[in-house]
Amino acid sequence: MKYKNTAIIVEGGGLRGAYSGGILDVLADKEIKFGGAAGTSAGATHLCSFLSGQIGRNFRVDTIHSKSSKYMSFRNLLFTGDYFAFDYCYKQIPYKIDPFEFEKFTEVCKDTDFRVCITDVETGLAEYPRITDYRNEDDMNYIRASASLPILSKMVEIHGKKYLDGGIADSIPFEPMLQNGFERAVVILTRPLGYRKKISKALPLVKFVFRHYPKLVEAVATRHIRYNQSLDKLAKLEAEGKVFIFRPSRLIKISDIESNKKKIARLYELGKEDAHNKMSELLKFLEG
């Protein structure tokens, strides 16, 4: 069933996105589809496999393919400037190792408004380009930019503009979708209820590395304020019946660049468990 007036929104969070992968796999298995989709960072990459209809693909990437040092390592960072290797993550995996269903993705995106959130390095502001074809170099680079963590990734240049991780400017991109005509949203968060973001511990390093980009530094310095404001807005919208929220029902401590595959697998299974437990509530929301 496709709910054309509802958008699905997926927060980022690096390997915490395994939780989102579990929920998305259950939604795909139930053939629940949406008129719009928006994701930031890992949320954007996980939505790609959801829209291509490839159940289990995100789990394989997070727990099997990520074991390779070619996927993520400080060696990559030292020699290429990217902790997550560009060629391995965006070329070898989707084209050779775990083939991506490009045709299916493109067909679905013809009538699904899929947006990824990216941060303009010069302005510190969010942009939300529409993605329709992963094989298109610009689209692939927008997806890559959305997940390019500051310090751990090189800036991604597209048409003369430089971009980094969308989470800097907008970690939970629900507002642009609601402003663009969607009546409701299903939001997947990767932090438990009660979580409040604090100022980044990496801010001093960010100030030094990006000293020539003051707007980006300002965006990093104030990110926690905007994030917590988003949580407050979501709580209000949830009370009004305009938003349905998935969030981890229990805490599994995990980092953005987690290497413990058992913890990642547990988080994925928690996502599936939460999705099944809340399925009747979700369907009531979607059909109400």
Side-chain angles (χ1 to χ4, degrees), residues 11-21 39-46 48-49 57-98 116-119 121 140-158 162-169 171 190-191 197-213 216-217 219-221 223-224 227 252-268:
E11 179 184 10
L15 273 300
R16 289 198 310 277
Y19 176 77
S20 306
T40 295
S41 196
T45 58
H46 278 71
C48 289
S49 293
R57 186 175 185 277
N58 286 321
F59 179 73
R60 293 193 299 274
V61 171
D62 288 343
T63 60
I64 299 175
H65 309 319
S66 67
K67 289 180 179 178
S68 171
S69 61
K70 296 178 182 178
Y71 182 88
M72 60 178 186
S73 68
F74 284 104
R75 177 183 174 81
N76 289 341
L77 182 63
L78 179 63
F79 287 100
T80 71
D82 284 312
Y83 185 80
F84 295 90
F86 163 65
D87 182 70
Y88 189 77
C89 293
Y90 294 95
K91 295 292 186 178
Q92 292 188 42
I93 290 178
Y95 283 94
K96 297 178 181 179
I97 298 170
D98 200 324
V116 300
C117 179
I118 56 179
T119 300
V121 172
M140 184 271 292
N141 279 326
Y142 282 131
I143 295 167
R144 175 189 171 201
S146 184
S148 291
L149 299 170
I151 300 174
L152 293 181
S153 306
K154 292 184 293 188
M155 291 180 280
V156 179
E157 186 168 331
I158 307 170
K162 297 174 182 177
Y163 297 101
L164 278 173
D165 191 281
I168 299 169
S171 297
T190 56
R191 300 283 195 176
K197 188 174 287 294
K198 299 178 181 178
I199 193 167
S200 174
K201 293 180 180 178
L203 183 57
L205 183 57
V206 168
K207 286 181 176 180
F208 174 75
V209 174
F210 297 102
R211 58 193 177 278
H212 301 303
Y213 301 95
L216 181 74
V217 172
V220 173
R223 180 187 178 189
H224 64 294
Y227 183 92
I252 296 178
K253 291 186 177 181
I254 191 170
S255 74
D256 289 8
I257 54 174
E258 184 63 56
S259 60
N260 187 320
K261 305 311 175 189
K262 290 184 179 179
K263 289 176 68 173
I264 295 171
R266 287 204 304 271
L267 195 56
Y268 171 80

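It should be emphasised that the depicted structure is a prediction, and the values quoted were computed from it without experimental measurement.
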Distance (rounded to the nearest 0.5 Å) between [X] [atom1] and [Y] [atom2]:
| X | Y | atom1 | atom2 | result |
| --- | --- | --- | --- | --- |
| Leu149 | Ser41 | CG | OG | 5.0 Å |
| Gln92 | Tyr71 | CD | OH | 13.5 Å |
| Asp82 | Ser148 | CG | OG | 6.5 Å |
| Asn260 | Ile252 | CG | CD1 | 11.0 Å |
| Cys48 | Met140 | SG | CE | 11.5 Å |
| Tyr19 | Ile254 | OH | CD1 | 13.0 Å |

Flag yes if more than 12 heavy atoms outside Lys261 fall under 6.0 Å of its NZ atom; otherwise flag no. yes
Please indicate whether Lys197 has more than 12 foreign heavy atoms, meaning atoms of other residues, nucleotides or ligands, lying under 6.0 Å from its NZ.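 Yes, because the 6.0 Å sphere around NZ of Lys197 holds more than 12 heavy atoms from other groups.
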Closest non-hydrogen atom pair between [X] and [Y], with its separation:
| X | Y | result |
| --- | --- | --- |
| Ser146 | Ile118 | N-CG2, 3.6 Å |
| Arg191 | Tyr227 | CG-OH, 3.9 Å |
| Gly17 | Asp62 | C-OD2, 4.5 Å |
| Gly12 | Thr190 | O-OG1, 3.1 Å |
| Leu77 | Leu152 | CD1-O, 3.6 Å |
| Glu11 | Ser20 | O-OG, 4.4 Å |

Taking the side chain as C-beta and beyond, is there a heavy-atom pair between Lys154 and Phe86 under 4.5 Å?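 Side-chain contact under 4.5 Å: no.
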For a side-chain contact (heavy atoms from CB on, under 4.5 Å) check, start with the C-alpha distance between Phe210 and Leu164, then their side-chain angles and the critical distance, and finish with the verdict. CA-CA 12 Å; Phe210 297 102; Leu164 278 173; 3.8 Å; yes
Students often mix this up, so state it plainly: with edges at 30° and 60°, are the rings of Phe59 and Tyr268 parallel, tilted or perpendicular?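 Geometry flag for Tyr268 against Phe59: tilted rings.
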Tyr142 vs Val156, test: side-chain contact (heavy atoms from CB on, under 4.5 Å). Steps then yes/no. CA-CA 8 Å; Tyr142 282 131; Val156 179; over 6 Å; no
Any salt bridge between Arg223 and Asp165, counting N to O under 4.0 Å?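 Between Asp165 and Arg223 there is no salt bridge, as every charged N stays at least 4.0 Å from the carboxylate O atoms.
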Check whether [X] reaches the backbone of [Y] with its side chain - one donor and one acceptor, N or O, closer than 3.5 Å.
| X | Y | result |
| --- | --- | --- |
| Arg57 | Asp98 | yes |
| His65 | Ile93 | no |
| Thr63 | Ala265 | no |
| Asn76 | Ser69 | yes |

Tell me, with the steps shown, if Asn141 and Tyr163 meet side-chain contact (heavy atoms from CB on, under 4.5 Å). CA-CA 10 Å; Asn141 279 326; Tyr163 297 101; over 6 Å; no
Testing Lys70, Met72, Arg144 one by one against Phe84 for a side-chain contact (heavy atoms from CB on, under 4.5 Å), which residue passes? Met72
